[in-house]
Colleague: 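I'd like to ask some things about the structure below.
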Amino acid sequence: MNQYPPKQGLYDPSMEHDSCGVGFVCNIKGKKSHDIVRDGIRILENLNHRGAVGSDPLSGDGAGVLVQIPDKFFRKECEKINIDLPSEGNYGIGMMFFPRNLDSRNIIQEWTERIVREEGQRFLGWREVPIVPEKIGAIARSGMPVLRQLFIGRGENTPREHFELKLYVIRKRLFNKVEASILREKRYFYFCSLSSKTMVYKGQLMADQVSTFFPDLDDRDFESALAMVHSRYSTNTFPTWALAHPFRMVAHNGEINTLRGNFNWMRAREKHFVSSVFNDEEIQKILPIVVPHVSDSATFDNALEFLVLAGRSLPHALMMMIPEAWSGDKNMEKEKRDFYEYHSFLMEPWDGPASIAFTDGRYIGAVLDRNGLRPSRITITNDDTVIMASETGVLPVPVENIKLKERLHPGRIFLIDTLEGRVIDDKELKKFYASRKPYGEWLNNKSVDLDDLPDPKRFHTPELQTLLQRQKAFGFTLEDLKIVLRPLILNGEEATGSMGNDAPLAVLSQRPQLLYHYFRQLFAQVTNPPIDPIREENVMGENVLLGAEGNLLDETENHARRIRLKRPILTNRELEKIRNLRIPDFKSRTLPMLFDVSRTEKGMEEALENLFAEADCAIQDGCSILILSDRGVDQKRAPIPALLACAGLHHHLVRRQTRTKASIIVETGEAREMHHFAVLIGYGCNAINPYLVGEIIQHQLEQGLLPEGVTHEIAVKNFLKSTRKGLFKIISKMGISTIQSYCGAQIFEAVGLSEAFIDKYFTATVSRIGGIGIKEVAREVLVRHREAYPVEEAPEQNFLDSGGFYHWRKDGEEHQINPYTIAKLHHAVRTNNRQAYREFAEYLNDWKTNLTTIRGLLKFKNKKPVPLEEVEPVSEIVKRFATGAMSYGSISKEAHECMAIAMNRLGGFSNTGEGGEDPGRFEPDPNGDWRRSRIKQVAQGRFGVSIEYLVNADQMQIKMAQGAKPGEGGQLPGHKVSAEIASTRLTTPGVGLISPPPHHDIYSIEDLAQLIHDLKNANKEADVSVKLVSEVGVGTVAAGVAKGKADHLVISGSEGGTGASPQTSIKYAGLPMELGLAETQQVLVMNDLRGRIRIQADGLIRTGRDVVIAAMLGADEFGFATIALVAMGCMMLRKCHLNACSVGIATQDPELRKKFEGKPEHVVNYFTFVAEEVREIMAELGFRSFKEMIGRVDMLEIQDAIDHWKAKGVDLTYVLHKPDVPAHIAISHCEKQEHGLERALDNELIKFCKKSVETRRPVSFDSEIHNVNRTVGTMLSSYITKRCGLKGLPEDTINIHFNGSAGQSFGAFLAHGVTFTLEGDANDYLGKGLSGGKIIVYPPRNAPFVPEENILVGNVLLYGAICGEAYFHGVAGERFCVRNSGACAVIEGVGDHGCEYMTGGRVVILGPTGKNFGAGMSGGIAYVWDKEGDFRSRFNDGMADLFPIEIPEDIAELLQLIRKHYLYTKSPVARRVLDHWDEVLPQFVKVYPVDYRRVLEQQKLQEAENKTNA
Amino acid sequence: MGEVKGFLKYDRQDPKKQSAQERIKHWNEFVTRLLDEEAQAQGARCMDCGVPFCHSGCPLANVIPDWNDLVYQGRWEEAFERLYQTNPFPEFTGRICPALCENACTLGYNYPAVAVKNIEMTIVEKAYEKGWIKPHPPKSRTGRTVAVVGSGPAGLSCADFLNKRGHKVVVYEKNERPGGLLRFGIPDYKLDKNVIDRRLDLMSKEGVVFKTGVTVGKDISLLNLKKQCDAVVLSGGAEQPRNLPVEGRELKGVYFAMEYLAQQNRVNKMKFQGERIDVKGKKVVVIGGGDTGSDCVGTANRQGAARVVQIELLPRPPRERVADNPWPEWALIERTSTSHEEGCERMYAVMTRKFSGENGVLKRLEAVKLEFGPKDPKTGRQEMREIPGSEFVLECDFAFLALGFAGPVRQGMLEESGIALDSKGNVRTDGNYMSSIEGIFSAGDMRRGQSLVVWAINEGLEGGRSVHKYLRK
């Protein structure tokens, strides 16, 4: 049960995340032994680094083990306490947590015994679980429950096969009873397990505390054939015993992104459960199936356990919940596809990155998500042991004993049946389940494709004479037509924009806003990766289903009775097809979303209630499709916001548990852009017909406004294409891959909507500052309606409103950066005019002139002025200032260096951005100026991130997200990659660069901790910073980051700028800085983590007042980006994405760059003004030092004079909450992180190599290595680079031969001159950022298995490698050589997404490849040995072509690489290839990116020309 | 937006003008409109800025980027509609506006600004040619009546606004023809009076009634007028010229600029009886360096003056912006008007001490040179001193005083009605343009003091909006 602190301030326990290490060991034959248990514990101990500790170094986040019931052990133990155990299998054991309060405990025990009897079972007794709590941490102890084991004997009338069900019913009944009670400390009560087969030992322990805490586990008689273990890394540090894994059936490493939707859908289905194993009475007892307020993993476990108990086998249920990516996979067998499709009719996927180990006591196995986003390594031994874990090497096995080394492939299941005593491979297993029932036939017989439906006789056609009025009624502006719709219609692309969002929050706007604008898209950061929906489109699914769902617990032909839609957006014709269906199963009813304007605001609420009632009637009448329609808007009738009607109805039906009986289609004139569609779908809409868009297309066509050749059909096609891309982009930023599971998933945070309104219509959506309710929403509708249908004639009614939402307009939306403020600031900084700055600041600081932000609603209180002279000087304050991350590439060299010089003059920080840095800037200029940026950013593309770059940093910033487009990648088109830019990014000029949405070495929090560790190894003097973007839950992520040992944290607001982003993202993704900052401060303080990390706030900070408020909300430092650009001369043309900046800032055009007039003085002047203003405010408030102001949120209160009709409902209590903690808990930065670098193996290596680095004389030696030795070679490389620069040492100066299993990030940033040979195997991230070194890996020479058929190295190898070489005698996991810039690598097989985003280098693959090879590959060359001739089917041809190897240079290069491979690894594969070269050569294909080819060929031409000229 | 980087591809192009020698031979407009393609290329230079300073700088809030883009795309009719949406009289501003928009154009910061005014002119004249500008009388009438006193740009825009909203509007004009300063103050060569008549004709067809030759305050009292209708708008302009009360002011040959300009306009297109001010072959001094002075220069040259000198009290402005006059503020630089191109000697930092003459007829002007101290950082003013010994004499037969205006004429209507004035002598209004007398509004120069035509048009619209709101109550 939930043991988190209660919700307070901005902290919300539902935002907690966890992630971790997971593993199991088992005996295939089901032979029980104590060794298995012991091995399980050992795995756990070796995964310790994947868990985390918080402020208390002895309190872990949780660890545990699941075993089969050790009968022998309990027989012995029960004898001691006089419990007479029935024979094995005829008794069950409950592992339970109890309240410490004796009365409560006694009562629950009494209830337990009674319920056991009532369910016809025999209560046998209790056992106190022996524990040794002394060694666990104080925090863990503070929340420790009382542990008891419950013994239940099978009742006489219960058949054996029903015993497990009975135990389940007992557990659920007891849970519900306690939950409903008012017992003290009831939150302690929890069942770790209750089963006759398995049991769980777990607690809030560190991995290495489990066996000492539970002496039971050490007993020789404690035997099991399997042990499933889990070490948890949680974002919080609160006592949370119950949330440790394993759960009753699973141990999960990952995150369920669609949880809210899955939860709601499960709830909605419950009422319709008809089970063959549970009778109706029992079903009533066990509801709810999914328990609220628990973690995603626990919810998943709830659902899985139920499905299994209700009759599906464990693998079957998992295939249903975590399906492979079937819809886009052309190569999948039909039977399997049918299976998946059929099951998608029953349940939406539980979507998210996941490696899930599972067992029911007989089967044990693991499943990986469709995109392979978690590592899982498997070893099978000759004596029937299987070891599966997040890492290889966790349980050392003698080499001779190894039969097979494998990894879990994306979407695959690995299963062991301990009863049959064999491993069942994915193919066999899925074939078995796919052929269990004639799924394909059922689909054929019953399901209906929209395309196959008869064309309707009539469908709605445009009514152009009323178009304008209706547009106005739906709030269309000229900008909607020009900026939003035009690119959709003409190019099939979403509108792109630049710079940030400086318009007010919807709730602060003076203008009526659409309800969509109150919702902000959430996105993945740290705890799970966003997906690249373009390069990894193969995992995405757009299809949706209409019609009633069948009983989840059954599978029949009738379950397939659904309408299949290819996409959720419907044309008029398609909608009419559905509406006209006269088939009983697909009866539809259209319900009007309109209300009578004469009834005013109240009328809307009444109409809404009527709508719900009508929907209930329709469902009762057997309708399975509800069409909500706002057609018919006129003088008298106004539209109910479609989102309100849809979400309200969705929740109404979920509450009535009839939601799965009918689909909801929204037929609306209101929705017109991606965000609108996404919010509708996110709140339960199954399909949308945005009819007004079609009418606008027709209108534009008739007016001749569309270019020649664009017909209605083409325009509609473009529009639909763009909705596919746009929706994929939105769902993928949360890491969700199918529209079906996005539906109802509510991946939004509301800003400015009242609690009552949210509870009723958008249940369980986060909305933290209160705001407007249904009355104000109705008022906004009515204002628009009056504009559309004015009482009197007025010429302006013939025109649409100009909007001003994107571009400033006099009569439009307020903007902070507007003509007045730009002019004032330019004037101030250019002439060092303090008065002009004051006017600038006054305008922005006064809510009366500029109410756009949350901080605008605040004012200071408790002022106790001190003299200005006593306040900390400006020169100190400016040291807390930093400019934002802007890459050289997004802005010009001149602008970039101007900013750096200015910040260095001030002693503040500038930031390289994502584009690397010219080494020429590392040293100061002769005049004393320094163009070096102190902050070096490490972003997803890793451009220019070499060991040298890192060594020259004062701060290394890991960019997890960017305010303007969190969860998205970026792209620098080839024409912008000049020679200069290419050289700082360490790539090829002219070749386009893609920055992927996720960091491919950060799919979860423990991965981030790993990257922090890597960077710290690369430069231990520099701080590691993590940049996050504000959204609900960012505080808990920040806590995880602090526990992951980051020194610095940036909380960025969604206002932040960009060189180019979709307008949707600029406007609707992410939350304001204030919310994220305040939440972060609160959660870190609650966790006692605040002192060890510095916080920088960033998000359109413009004035000293902004700085002071941010400090009070918890910031130590402050980032400025947009405004710093304005100080350098930016005029907000918002044309950065077009390379057309007329003041030479955001452009690479040499002509325009000449126009750059910014001077470091301007920037210095600006920051000085800001600091002066800060100082003045400090004096006024009574702060002498800045530090004492940090976290002083008690100095703030809400402005009382605000009478804005919307803003007055805003409540900032949560933002201004100060956690109640003892005085010694820090509220600002004050201590250092403990990085543990002294334990690194590199300390030893450096000792051995020191002399060699000085003398350059070669050295070579051996070293043992284990998976716990992480980031080996990086500190050594840092040592070398500091002395020798990027060129490092001569080749092979340092030779180290390792034996064993290397931990993660082996050879990361390895410097030139270092050669690592590893005999053994390696984990993920080997060779990341390789900076010239050489890595050779092969299996032990005495290994009995065939290396090229076994997995040797993990996922994401050579990520962002710059140069160097790598040779692998064996196979790698997913994403081999992702974003390789220049390294050469040879390998004998790779998983999915090989060479993704590669921009340079050479790769030879002498074996099989996985799916989606070469996606986003813009440079470099891969040579693939396509033995079977089927490579093309797994190749992504988006950016590269395939060629035979014919050119002599290619042949020579390939041959050379294979020869080297043989030389280093002695690979028989290489030998065979070399021996049969002429035969084999034709089987090779060359993967040659189009861009790269063009550039190389141009270069060749150029060279030839030069030659002839010479 | 226009074309990406269009401003790098196309230079700014201003329309062709007849040569100075040719154009001073007549009184007609001498600027040729841009050709369609030329205007389109000029539209291509516009960047559709995220923060369009042109739009911000325009008193009418013309959404310039929108119509620049439409012109670039060749969507002329839409461009016209978008322009017409904010500006009721683009044919006036397209000719005579000093183009605050171009001054504020972001491109103008470091490139030649987008040729907004020329594009505007091209749009509106095309619209007339194509017949897109047609009378649109209101579909229904509210039954309310409004009297507008004064038919300058403010009065006209106010009348137009209210008429289109269904109110019955009667415009009272003291002169023989409506148009106010547009008709009488601005020389024909800058604004052909047919352009005004074309507009007046349109307005008449839409139902606006013009009563000319009626002086409110004389022929009918303001209060009586108010009784006849539901609201009155005073838009009589700021016609009280600023005088130069020095010795010899009374001499024959010393005139207010407006006397001179109005007379010439009457001579050109209307009947004029009375004594001509004809400078043919004479020496002329124009006192005052502003636009009105410049108009006097052009008029004098066209009449065939022997020599024209323009003197200005303030020092010569810089060629380019100085640091404390940064973009997008109005650039305080020396501007050369087309009239200056036609021949004129300009003198700065000169103060007129006295006029002298013979037989009551002006013969010369005595002046002294000035020097200016540094700018007071607080007031922005510079101390002014006569340079000893710099006195000089200018021979002249005519002197025109173009020293600006000192608010509305108080005698007559204003005094008689007892309406409240503000400290500057303009009609005092509340936030809704209403004067101290219920139902009587004021707009334009009469309310805000001497200003630009574009401001006057805006005043008329805003005043109209207030009246409309008042009438709907």
Colleague: Which bit of Glu77(B) is near chain A, if near means a heavy-atom gap under 4.5 Å: side chain, backbone, both or neither?
Modeller: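 Contact with chain A involves no heavy atom of Glu77(B) at all.
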
Colleague: Please lay out, stage by stage, how Phe7(B) and Leu1152(A) fare under the test side chain to side chain contact (heavy atoms under 4.5 Å, CB included).
Modeller: CA-CA 11 Å; Phe7(B) 61 95; Leu1152(A) 296 174; 3.6 Å; yes

Colleague: Would you mind reporting whether Gln703(A) and Glu78(B) have side-chain heavy atoms less than 4.5 Å apart?
Modeller: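 Not in contact.
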
Colleague: Judged by atom type as modelled, is there a donor-acceptor pair below 3.5 Å linking the side chain of His55(B) to the main-chain atoms of Arg809(A)?
Modeller: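 Here the side-chain-to-backbone pair does not exist.
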
Colleague: Testing the basics here: between Lys810(A) and Ser56(B), what is the closest heavy-atom pair and its distance to 0.1 Å?
Modeller: NZ-O, 3.1 Å

Colleague: With only heavy atoms counted, which part of Asn833(A) is less than 4.5 Å from chain B, the side chain, the backbone, both or neither?
Modeller: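 When you check distances to chain B, no heavy atom of Asn833(A) falls under 4.5 Å.
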
Colleague: Looking only at heavy atoms, what is the nearest atom pair of Asn818(A) and Val51(B), with distance?
Modeller: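 Nearest heavy atoms, Asn818(A) then Val51(B): C-CG1, 3.9 Å.
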
Colleague: To the nearest 0.5 Å, tell me how far Asp324(B) CG sits from Arg830(A) CZ.
Modeller: 13.5 Å

Colleague: Among Asp66(B), Leu107(B), Thr142(B), which residue forms the greatest number of heavy-atom pairs with chain A at distances under 4.5 Å?
Modeller: Asp66(B)

Colleague: Looking at Ser140(B), Pro138(B), Gly57(B), Pro52(B), which has the largest count of heavy-atom pairs under 4.5 Å with chain A?
Modeller: Pro52(B)

Colleague: Please round to the nearest 0.5 Å and tell me the distance separating atom CG of Asp48(B) and atom NZ of Lys1135(A).
Modeller: 5.0 Å

Colleague: Is any side-chain heavy atom of Val791(A) less than 4.5 Å from a side-chain heavy atom of Arg472(B)?
Modeller: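 Contact flag for Val791(A)/Arg472(B) side chains = no.
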
Colleague: Of all the heavy-atom pairs spanning Ser1142(A) and Asn110(B), show the shortest one and how long it is.
Modeller: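 Where Ser1142(A) meets Asn110(B) most closely, the heavy atoms are O-ND2, 3.0 Å.
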
Colleague: Return the minimal non-hydrogen interatomic distance between His807(A) and Cys49(B), and the atom names on each side.
Modeller: ND1-O, 3.7 Å

Colleague: Mind listing the closest non-hydrogen atom pair of Ala1140(A) and Lys5(B) along with its distance?
Modeller: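 What the structure gives for the nearest pair is CB-CG, 3.8 Å.
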
Colleague: Checking heavy atoms, do the side chain of His468(B), its backbone, both or neither come under 4.5 Å from chain A?
Modeller: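 Contact with chain A is through the side chain of His468(B) alone.
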
Colleague: Hey, what do you get for CG (Leu478(A)) to CD (Gln85(B)), rounding to the nearest 0.5 Å?
Modeller: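 Output value for this atom pair is 7.0 Å.
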
Colleague: How long is the gap from CG on Leu705(A) to CG on Leu70(B), to the nearest 0.5 Å?
Modeller: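 Here the rounded value is 9.0 Å.
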
Colleague: Return yes when atom CZ of Arg834(A) has more than 12 non-hydrogen atoms of other residues, nucleotides or ligands closer than 6.0 Å, and no otherwise.
Modeller: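 No.
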
Colleague: In terms of heavy-atom contacts, does CD of Glu320(B) have more than 12 from other residues, nucleotides or ligands at under 6.0 Å?
Modeller: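 Open.
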
Colleague: Roughly how far, to the nearest 0.5 Å, is CG of Leu1138(A) from CE of Met47(B)?
Modeller: 11.0 Å

Colleague: As an exercise: rank Ile817(A), Thr1147(A), Thr831(A), Ile822(A) by heavy-atom pairs under 4.5 Å with chain B and give me the winner.
Modeller: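 If we count pairs closer than 4.5 Å to chain B, Ile822(A) comes out on top.
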
Colleague: Who among Met1131(A), Gln835(A), Arg1134(A), Met1132(A) has the most heavy-atom pairs with chain B under 4.5 Å?
Modeller: Met1131(A)

Colleague: Roughly how far, to the nearest 0.5 Å, is NZ of Lys1155(A) from OH of Tyr109(B)?
Modeller: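 Tyr109(B) OH to Lys1155(A) NZ: 10.5 Å, rounded to 0.5 Å.
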
Colleague: Angle between ring planes, Trp327(B) versus His826(A), binned at 30° and 60°: parallel, tilted or perpendicular?
Modeller: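 Ring orientation, 0 to 90° scale: tilted.
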
